[in-house]
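Order of the sequence lines sets the chain letters (A, B, ...), proteins ahead of strands, with each chain counted from 1.
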Amino acid sequence: MIKAQRGTKDILNDEIPTWQWILENAKNVFQNAGFSEIKTPIFEATELFQRGVGDSTDIVNKEMYTFSVGGADKNSSSITLRPENTAGVVRAYIEHNLNRQSPPQKFWYFGPMFRYERPQAGRQRQFHQIGVEMFGINEPAADAEVILSAVEFLKSIGLGNLEVELNSLGCPKCKNDYRNSIKEVLAPYLDDMCDDCKMRYEKNPLRMLDCKNENCQKIFEKEEVKKVIFNDYICDECKTHFNTLLSYLDELNIKYQRNKLLVRGLDYYNRTVFEIKSSALGSQSAVCGGGRYDGLVEMLGGVPTPAVGFAMGVERLFSLVEKKEVSKLDYYIVSTNTKEALKLAQKLRSQNKKVEFDMQGRKFSKQLEKASKCANYAVILGEDEIEKGFYSVKDLNCGEQRKIENFSDLL
RNA sequence: GCGGGUGUCGCCAAGUGGUUAAGGCCCCGGAUUGUGGUUCCGGUAUUCAUGGGUUCGAUCCCCAUUACCCGCCCCA
């Protein structure tokens with residue numbers, strides 16, 4: 001038997017109502033905040049992710065679905081199934097010269113992403129993200145706007161009480177100063193740290209800070225190291241940006257926690273980074289992750305444009321959310337006259353009613369039994385009804401049956 | 001990539017080295033040839049993830065593979 005590939009799954013009718021409900025809420029909340037939906041391709045040039053997501057990230061290094069397609073020139077024909085969607089949206093922003101429109105440009109998206117990882121609770125190889133990207137605004141109001149819509153969306157699906165964690169990485173300049181002082185203070189301990197951290201020390205020292213290795217954690221606990229980590233290294237401008245954002249969040253009554261160790265694994269972030277977590281999820285606790293990426297548009301060849309965004313894992317949301325039931329039919333047509341049943345179904349459906357009937361011409365009691373399981377009302381269309389031109393409508397919740405003369409009274 | 005656990009019908013789930021693999025739900029049919037959701041009766045796994053091995057004999061023991069789950073890592 002051919003089975004679904006490892007880390008992928010079929011979403012069947014019992015889960016569909018909940019998925020649709022999550023999506024409806026996303027659409028409502030984000031559209032009300034002025035975000036318009038954007039649909040970008042599922043695969044892109046491999047180079048887009050190498051440059052956009054970052055060569056030093058795990059995502060690019062070991063988790064991408066990359067294919068060589070077409071001709072002999074391998075490089076020009078290397079494509080990758082998107083592991084995330086920020087790079088793709090940025091690419092579209094640049095390609096369509098959206099910087100020529102008046103800012104802000106605000107987008108939300110939903111779609112499958114692909115990462116070649118070991119499947120686990122809350123982690124699949126094909127998974128879905130809902131996300132938001134906003135371009136063109138430097139002011140902290142943009143950060144607030146983005147975090148607000150994330151929180152409002154979560155609230156709309158009943159997850160209003162999740163923890164928001166925040167940090168500021170600073171701008172490229174202060175980020176760089178910070179990076180250097182971290183390297184300096186950690187240099188004497190480098191030999192005692194894990195192999196990953198030794199790598200990160202060279203490529204992306206900030207990522208060392210969220211290392212889970214016990215030894216490394218101990219080193220971060222040392223007084224002189226702590227002093228550097230918790231030192232407010234960011235420049236005045238970045239500080240003002242961050243503090244203004246915090247004051248906005250206070251006004252909005254959005255609860256947050258400052259987490260100085262929050263760094264995030266994608267290279268493009270600067271200034272604000274945030275995560276929203278749920279302790280109910282096990283080790284894959286992040287529901288939402290995002291931040292500011294002011295340098296990415298330029299890095300991918302566009303004119304310098306500030307930007308903020310986030311992405312959420314829909315499967316993780318799904319597991320937290322209250323499940324929705326499949327909605328009942330308005331009518332189930334009970335009739336052994338298939339032709340009449342078909343015609344009535346057509347008429348009712350054209351009036352936007354949810355209607356089904358028995359296509360096998362089964363016996364009356366079977367049809368009614370079926371109706372009682374899946375519909376609110378049964379329309380009985382027997383010989384009498386057809387001959388004399390009326391409908392017998394039975395309320396399947398209370399058992400009451402009425403005679404209805406005109407089609408319009410059915411509705 | 002590393003470590004641990006699990007794998008019996010669509011779903012839950014008992015079971016044992018030995019001629020027929022419990023039960024419940026769902027589903028299908030009948031009692032009831034135009035009135036359901038209750039009740040009663042009946043049906044549905046030549047087969048216990050797959051491939052080998054041990055054995056006179058294996059769903060139950062061993063090995064491998066695979067899938068899923070959990071943890072590490074990473075992230076949404």
Side-chain angles (χ1 to χ4, degrees), chain A residues 1 3-9 12-14 53 56-64 82-86 110-132 150 154 162 194-197 199-200 207 210-214 216 262-266 274-278 281-290 309-320 332 334-337 358 360-386 392-401:
Chain A
M1 183 171 50
K3 294 188 185 161
Q5 291 298 291
R6 179 161 206 208
T8 71
K9 65 171 281 199
L12 301 178
N13 54 356
D14 56 326
V53 178
S56 75
T57 61
D58 283 359
I59 293 180
V60 170
N61 277 327
K62 40 191 191 191
E63 296 174 4
M64 294 213 297
R82 61 183 185 194
E84 57 99 58
N85 204 33
T86 299
F110 160 78
M113 309 295 157
F114 306 85
R115 261 121 97 156
Y116 190 81
E117 293 184 274
R118 185 85 173 257
Q120 204 183 304
R123 195 171 76 190
Q124 286 178 265
R125 289 182 174 180
Q126 176 174 171
F127 62 103
H128 300 261
Q129 286 188 333
I130 288 174
V132 150
L154 291 172
L162 300 181
C194 69
D195 290 349
D196 279 339
C197 278
M199 294 265 291
R200 292 172 188 145
R207 291 245 345 261
D210 56 14
C211 180
K212 307 294 189 295
N213 183 293
E214 262 183 53
C216 302
L262 178 60
V263 170
R264 306 204 44 72
L266 284 74
F274 67 96
E275 265 182 25
I276 301 178
K277 296 182 175 176
S278 166
L281 280 175
S283 65
Q284 258 63 44
S285 62
V287 162
C288 172
F310 67 75
M312 304 200 191
V314 183
E315 281 80 1
R316 292 181 190 177
L317 295 177
F318 186 95
S319 67
L320 292 174
Y332 192 91
V334 173
S335 178
T336 46
N337 187 326
D358 185 274
Q360 302 167 98
R362 292 192 297 178
K363 60 194 251 191
F364 190 86
S365 63
K366 285 294 165 193
Q367 290 194 28
L368 201 59
E369 188 181 338
K370 171 76 177 171
S372 72
K373 284 175 187 158
C374 65
N376 287 318
Y377 293 92
V379 183
I380 296 164
L381 253 195
E383 279 165 28
D384 244 28
E385 283 86 349
I386 293 167
S392 296
V393 176
K394 183 168 183 133
D395 183 331
L396 293 162
N397 296 308
C398 65
E400 212 171 88
Q401 185 166 323

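The interatomic distance linking A:L262 (CG) with B:C75 (C1') rounds to 12 Å, in whole Å. Distance CZ (A:F127) to P (B:C74): 16 Å, rounded to an integer number of Å.
Here the side chain of A:E383 is nearest to one of B:G36, B:C74, B:G34, namely B:G34. For A:P119, the side-chain atoms get nearest to B:C69 when compared with the rest of B:C69, B:G34, B:G29. Distance from the side chain of A:L396 is smallest to B:G36 among B:G36, B:U35, B:G1. Candidate nucleotides B:G36, B:U32, B:C74 were compared by shortest atom distance to the side chain of A:K363, and B:U32 ranks first. Checked against B:G36, B:C27, B:C72, the side chain of A:S372 finds its nearest nucleotide in B:G36. The nucleotide whose nearest atom lies closest to any side-chain atom of A:K373 is, among B:C27, B:A76, B:C69, B:C27. Minimum atom distance to the side chain of A:R6 is reached by B:A67, of the listed B:G34, B:G36, B:A67.
Judged by distance alone, with hydrogens and angles left aside, A:K394 brings a side-chain donor or acceptor within reach of the base of B:U35, the pair sitting under 3.5 Å. Between the side chain of A:E385 and the base of B:G34 there is at least one donor-acceptor pair of N/O atoms closer than 3.5 Å. Under 3.5 Å, the side chain of A:Q401 and the base of B:U35 form at least one donor-acceptor pair of N or O atoms. Contact of A:R115 with B:A76 (side chain to base): a donor-acceptor pair of N or O atoms is detected under 3.5 Å.
Look at B:A64: its Watson-Crick or wobble partner, with both distances under 3.5 angstrom, is B:U50. B:U16 is unpaired under the Watson-Crick or G-U wobble criterion, no partner having all donor-acceptor distances under 3.5 Å.
Only A:I380, A:G382, listed by number, bring a heavy atom of residues 374-382 of chain A to less than 4.0 angstrom from any atom of RNA chain B.
Remark: the separation of the C1' atoms in B:U55 and B:G17 is 9 Å, to the nearest Å. The C1' atoms of B:A45 and B:G15 are separated by 14 Å, rounded to the nearest whole Å. For the C1' atoms, the distance from B:C69 to B:U19 is 38 Å, rounded to whole Å. For B:G3 and B:C61, the C1' atoms lie 25 Å apart once the distance is rounded to whole Å. For the P atoms, the distance from B:C25 to B:U38 is 11 Å, rounded to whole Å.
Counting any heavy atom pair closer than 4.0 Å across all strands shown, A:A371 reaches no nucleic acid atom. Contact annotation for A:G122: base contact, defined as any heavy-atom pair under 4.0 Å involving a base atom.
Ring planes of A:F310 and A:F274: perpendicular class, angle over 60° (limits at 30 and 60°).
Each of A:K370 and A:E84 was assigned the nucleotide of RNA chain B with the nearest heavy atom; the assignment lying further toward the 5' end belongs to A:K370.
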>> Test side chain to side chain contact (heavy atoms under 4.5 Å, CB included) on A:R125 and A:Q5; report intermediate values, then the result.
In response: CA-CA 9 Å; A:R125 289 182 174 180; A:Q5 291 298 291; over 6 Å; no
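The backbone N or O of A:T86 lies less than 3.5 Å from a partner atom in the side chain of A:E84, making a donor-acceptor pair.
Shown here for A:P112 and A:R82, the closest heavy-atom pair between the two residues is O-NE, 2.9 Å.
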>> For a quick check, with a 4.0 angstrom heavy-atom cut-off, what is the B/S/- contact string for nucleotides 3-8 of chain B, read 5' to 3'?
In response: B-----
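Taking NZ of A:K370 as the reference point, atom OG of A:S365 lies at 14.5 Å (rounded to 0.5 Å). Rounded to the nearest 0.5 angstrom, A:I386 CD1 and A:T336 OG1 are separated by 7.5 Å.
Not one side-chain nitrogen or oxygen of A:K366 sits closer than 4.0 Å to the OP1 or OP2 atom of B:C28.
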